[in-house]
Amino acid sequence: MPFSPVSSKVSFPDMERDVLQFWKDKDIFRRSMKERENGPIFTFFEGPPTANGAPGVHHVLARVFKDVIPRFKTMQGYQVPRKGGWDTHGLPVELAVEAELNLTSKRDIEAYGIAKFNEKCKESVFRYVQDWESLSERIAFWVDMDDPYVTYSNEYIESGWWIFSQLWDKDLIYQGYRVTPHCPRCVTSLSSHEVALGYKDDAEDPSVHIKFRIQDSETAQKVLGEGGSPAYLLAWTTTPWTLPGNTGLAVAVGARYVIAEGPWGKDGGTERLILADALTDQALEGDYKIVGEISGRELVGLTYEPLFDYAVPDGYAGKVVAADFVLLTEGTGIVHIAPAYGAEDLSVGNAEGLPVVHTVNIDGAVTDYGGVPWAGKFFKDADPDITADLDERGLLLKGGTITHTYPFCWRCDAPLLYYAKESWYIRTTAFKDRLISANREIGWVPEHIGEGRFGEWLQNNVDWALSRERYWGTPIPLWLCDGCGDPTPIGSIEQLAGQAGLAGYTSDMDLHRPFIDDVTFSCGSCGGTKRRIPEVMDAWYDSGAMPVAQWHYPFENTDVFEQQQMADYICEGVDQTRGWFYTLHALAVLLFDRPAYKNVLSLGHILDEAGEKMSKSRGNVVEPWDILEARGADALRWYMYTASTPGNARRFSANLVGDTVRRFLLPLWNTYSFFVTYANVDGFDPASTPAPSLADRPLLDRWLVSRLQGLIGSVTDAMDRYEVMEATHAIESFVDELSTWYVRRNRRRFWKSDNDTDKAAAYHTLYEALTTISRLLAPFTPFVAEHMHRNLVSTLADDEPESVHLAEWPTVDDTLRDETIEADVRLAMRLSSLGRAVRGRAQIKVRQPLQEMLVMLPGRADRESLARIEDQLLEELNVKAVRAVDDESAFLSVRVRPNLQNLGRRLGGDLPKLTAHIEGLSDAELNTVAARVRDEQSQELAGFDLSHEDLLVDTSDRDGFISGAEGIHTVALNTEITTQLEREGLARELVRHLQELRRTAGLDVSDRITAYVSGDGDGVAGALSDFGDYVRQETLSVDILQTAPGDGATTNTVKLDEATVTIGVERV
RNA sequence: GGGGCAUUAGCUCAGGUGGUUAGAGCGCAGUCCUGAUAAGACUGAGGUCCCUGGUUCGAGUCCAGGAUGCCCCA
C-alpha cells in the first residue's frame, strides 16, 4: 500500500496537531530558511505586538496575512528571514500598571518611585507572551521567536540613540511647543482616549464678541479706504481667559468680508467693524449699514493693537493671517488665535511666526505679570474679570453665555485646558516633498491607501512631536548644560562613557529612567554640569526605529542590516497608517533618503457577525482558540484569505469559518481521500507505474492538466501582486471543478478492473493535480497541504522534500496548456447544465435514458468542440445521441443584437439608428441575418457595414418545446420514451437498488454476489431480458435469479415502475 | 471639523480599463446522483446595485451632491 489510508471522516484540528508535531520534530521552519541560504533575500519586517494583553482574532488576521507572503516567497527560492519582535514601551503599558497599582497621577507615580514603577512595567509587557507564542504556533505563523528584538533592551535603546544623534547632526531636532490636553489639578497631560472619556455636552461658557483695533498703516488705508472713525476686526470666543495670550487673528482667504458702520463706540460714537458677510445678521444687532466689502485675502497682513500688553512682547502688533479652519457658520469669520492654548492656534502660529504667550501656569493659575488684578485666579474664574476689563475699555461688542461640548478631566472633573508645552520635535516637514515622492515608490494594497489615507496624511505633514513627559520609554539622549544650556546629543554608550567629568554611570547600567537621569558630565564650554532632559521618546519612535534597532545597528550586524535594511513586504491593520507605516517611512526617508518598505498590505478591521466593532465592553469578542479547537487553523486562515477584500472591514463568526470547511476543505479532502483509497486498492505507485504521455491520455485528463497550468499561472501572478484573495478564489474554483467535474466524470476509470493505460492515465493525472495543489496551497493552508504532500510525495521517494514547505513553487509549463481543450470542457459543462435544466423542466430524471439531444451552437469553434465532448454529454445527460442543428427556428425564435463592445465606440451616437432598424426586422429577415452571422460573413444593415463579430445572435424558446438556453447556447431534448428506453431506465433503477442493498449488507466493493429479483409486473422481467448483462456487470452479480431470495440473502422490497419488487443479495 | 473606506439577493461577499441577460457561498424551495455516501451534484425563486443629479450611444463601474455605517485624525 503506497499511501497511508485517508479517511473521508477527518478532524482537521487533530490532523493539524500531528503536522505541528512533525514541523517541530524536523525543525522545518528553520530549514525552510536554511535551505534557501544562497537564494536572493526577501525581507520581511515584523511589526512588533505588545504582549501585555491577550491576542485576539484581529491579531490572527494580521498574522496569517503576514505569514502567507513569506511562505510563498520561500517556495519561490527566496531566503526570507523573519525576526520577531516585541513592542514594550509606551503609555498604554504605563496606564495598565497605573490602574493595577491604583495610581492616578504622575505625582502618585513619582511618590511610588520611578524605578519600582518601571520595573512593574517591564514585568507586565511579557505577561501574555505565552499566549502569543502558542497562538502564533497554532495558526502556523512562522516567525523567528528565539531571538526577537525587544524595544526595552539596552541594545535597542542604543540604536535609537544613534538615530537621534544622526537626526540631530542633520539639524532635524528642535524644541518647540506642543499643545496637549492638560488637567490643571492633576497637573498632567491626558491621552486622547482619556479626553474622550470626559466630554460634557452641557458645559456653560462665556460667549463674547471682541473688537481688535486695526493699526493705521498703508495697507490698512488701502484696504479700508477713507474713513474717519476707528476700524476694528470683530472676533468671537468662548474662552476669554485666552485673550491676553492672543497674538493673531485668522481669516478665510476665500470668504467675503464687509465693513459695517454703526454706533458701537463707548459713548455711542460711530465705529466701523470688519466681519464675514455671511455672519453679519448673526453677529450684529441694531442699526448699522454696510459701507464696504473686502476679500479675506486682502485682510491678511493687517496688524492690530493687542488687547492686553502685559504678556505679549514689547511693541508687538497682532497679525491677521490666513487659516483653512475658519468657519463661516458661527462666530464672525475672524478667529482669535492664542498659540499657547489651542492645537490649531499653535500650528497656524508656527507657520506664521506668531509668538507663544503663556498667561496661565501649568496648575491653572493666572500668571502674575505684576499688576494684573486677576493674577493668581483659576483660569476659568478670570473670565468675568477679563470681560469686564475689555468692556470698560470699549473693546467688548457683546457678552453672553453658550452651552456647548467641552472636555473635563475624567478623574477629577476639572475643566481641561489645551496647553502648549515645550516639546522636542523631529523636523519632518523639512522632508515633506521627499516623504511624498518616496511614498510613490511603495506598492500599497489596497491601492487607495497610498494616495488616500496615507498620501493625505503626508500632504498635511506636521513635525513629529517626539518627547513624552513619562517614565517607561526610551530616554531621549540629550544632555543640556545647567549653566549655559549647551546641548550634547549622545549617539552611543561609548560616547556617553567617554564624557569628561562623568558621574552616575556604570557600564552595566539599565539605560532607563530613573538611572539614566543621574548620569551627568561637565560642560566643555562653561564648566557647568550637563543633565539629561527628563523626557522619554514617543513609543512610535521605537517601532519606526525597528529596521535599524532590531540589529543593534550600527554597533553590530552591519552586514545583516545592509542586506535587510529595506523591507520587501510589511503588513498590519489599517490603523497603523499613521502609526507604524508612518514612523517607518519618516525615519527611513530622513535617515536614508528612501522608503522603508517596498510593499505594504493594509488590513481592514474585524467586526462581529452584526457588523459591530469587537470590544470587551460589548462582550462580542470571538476567541480565536475556540475556533481553532472547533475548525482548525487552515479553516480560519482560508476564511481570512477568501472572505473579503483584505483592506475592507470584515464580519467574523464561528459559523462563517464553518462554511469554509464545508465549501472548500471538505471537498478537497474528499477528493484526496478518494484518490488514496483507490490508489491503494490498485497498488498505484506513481514512481513504478509509467505515466502515459499526454497525447495518450483522454480529453478530460488533458483538460485537467491544462487547467492546472492555468491555475499555477494565475495564482502566481496574483501573489506577485499581493492579491491574496484573487489567488485563493482561483484555487477554490479549481478544486470545485476538480471535485465536481473531473472526479465525478472519471470515477469509473478508477474502479474498473482493468489495469490499463487509461487507468494509469487517470491516476497520474489526478495525482499530478493533487500534488500540485498541495504546493499551491502550502502558503495558505499549510497543514492540509503538508498532510497531502507527505502522504503523496515525501513517503514515496527519498529525494523528494520531506515537507511541502521545503518544496519548490510550481512553475507554468506552457507546452501543457491547451486553450482549445479548456474551451471544449467549458462548453461541456455549460451544455450539461442546460441539459439538466431541460430535464428538470420536463420532469424526466437523469436515470431515464432519452433518445436525443439537439444542440444549437452559433460559432464554428463551438461546433468543432461538440464533436470532441460528445461522449461526455451522452454519459452526463444519459442520452443516446447529441445532434448539432443549424436551424433552430422550429423550436426557437431568433434574436439579433448589435455587439456594443465593437460598435459602441465605432458608431457612437449613430447606434440607436441600428438598434431601431434591427428591432423592425421580421422573423424571416432575422433568420437570414442570423444565418449570415453564423457563416461568419459580413452584411449591411441600416447603411452600416457589419462583420459577423458586430452582431450577436441568440434564441429564445417557442411555445410547446422543451429547450434551454444560456447566452448563445441552446439545447433541446427529444422527450419521447420508447419501450427500449423505458427498460433501460428500469435496469438502471434496479442497479441502484441492488447497490444500495450491497452496502446495507456490508459487502466489500469487490465482493461478488448472487442477486435475487422477484415480484409482480413484467417491466422488470423485460428490463432483465434486455439489460441483464449490464445489471450483472454493475452489481458484480455472478447470477441474477428471478426467484424469492435465499436464506442467506439480505433483502429489501422496493418500488420499481409502479410494481413492488423484492430484491436480495448474497455473497458467493 | 478634516481625510479614508463601505453601501450589490434574506445573510456573508465578488464584480481590471464603462458594454449586451450583475455573480458566488450560505439559507430557502424543488430535483437528482448513489462504490467520495452522516458526503455530493443540479435547478429554481430571490436584485430600485443606498438616494439625487450629471457625463456618455451606453453607468453597479466615471463625476458632483446627499444619506447611513465604520476607521483614522482634530
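Below, chain A is the first sequence line, B the second, and so on; all start at residue 1.
- Residue A:R992 is in base contact, counting any heavy-atom pair closer than 4.0 Å across all strands shown.
- Note: CZ (A:R662) to P (B:A24) measures 19 Å, nearest angstrom.
- For A:Y177, there are no ring-ring contact (aromatic ring centres under 6.0 Å, His included) partners, not counting sequence neighbours.
- One P atom belongs to B:U55, the other to B:G69, and the distance between them is 32 Å to the nearest Å.
- Residue contacts shown for A:L951 are absent, as no nucleic acid heavy atom lies under 4.0 Å away.
- Separation of the P atoms belonging to B:G47 and B:A22 is 13 Å when rounded to the nearest angstrom.
- Close to B:A14, at under 4.0 Å from its OP1 or OP2, lies a side-chain N or O of A:N648.
- Evaluation of the ring-ring contact (aromatic ring centres under 6.0 Å, His included) rule for A:W444 yields A:F454, A:F581 as partners, not counting sequence neighbours.
- Proximity of A:T577 to the phosphate of B:G4: no side-chain N or O atom is located under 4.0 Å from OP1 or OP2.
- Residue-level contact check: A:P446 touches neither bases nor backbone, having no heavy atom under 4.0 Å from any strand.
- Closest to the A:H448 side chain, of the nucleotides B:C5, B:U34, B:U20, is B:C5.
- The A:N670 side chain lies nearest to B:A39 when the options are B:G19, B:A38, B:A39.
- Atom CZ in A:R721 sits about 14 Å away from atom C1' in B:U17, given to the nearest Å.
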> How does RNA chain B look in dot-bracket form if you count Watson-Crick and G-U pairs under 3.5 Å, write [ ] for pairs that cross, and put | where a base pairs with another strand?
Replying inline: (((((((..((((.....[...)))).(((((.......))))).....(((((..]....)))))))))))).
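- Looking at residues two or more places apart in sequence or on another chain, you find no side-chain hydrogen bond (donor to acceptor under 3.5 Å, both in side chains) involving A:W580.
- Side-chain proximity of A:T740 to B:C32, B:A36, B:A41: nearest is B:A41.
- Residues meeting the side-chain contact (heavy atoms from CB on, under 4.5 Å) test with A:L874, sequence neighbours left out: A:E870, A:V879, A:V882.
- Whole-Å rounding puts the A:I449 CD1 to B:G3 P distance at 16 Å.
- A close approach under 4.0 Å does not occur between any side-chain nitrogen or oxygen of A:S733 and OP1 or OP2 of B:A24.
- Between A:R453 and B:C71 there is no side-chain N or O to OP1 or OP2 distance below 4.0 Å.
- In this structure, A:T642 and A:D910 both approach RNA chain B, and ranking their closest nucleotides by distance from the 5' end singles out A:T642.
- Distance CD (A:E726) to C1' (B:G15): 12 Å, rounded to an integer number of Å.
- In this structure A:H182 satisfies the ring-ring contact (aromatic ring centres under 6.0 Å, His included) test together with A:Y419, sequence neighbours excluded.
- For B:A14, its base never sits under 3.5 Å from the side chain of A:S644 at any donor and acceptor pair.
- Across all strands shown, A:Q995 has heavy atoms under 4.0 Å from base atoms, whether or not it also approaches the sugar-phosphate.
- Counting non-hydrogen atoms under 4.0 angstrom, A:T671 reaches a base of the nucleic acid.
- Of the listed nucleotides (B:G35, B:C42, B:A36), B:C42 has the atom at the smallest distance from the side chain of A:R836.
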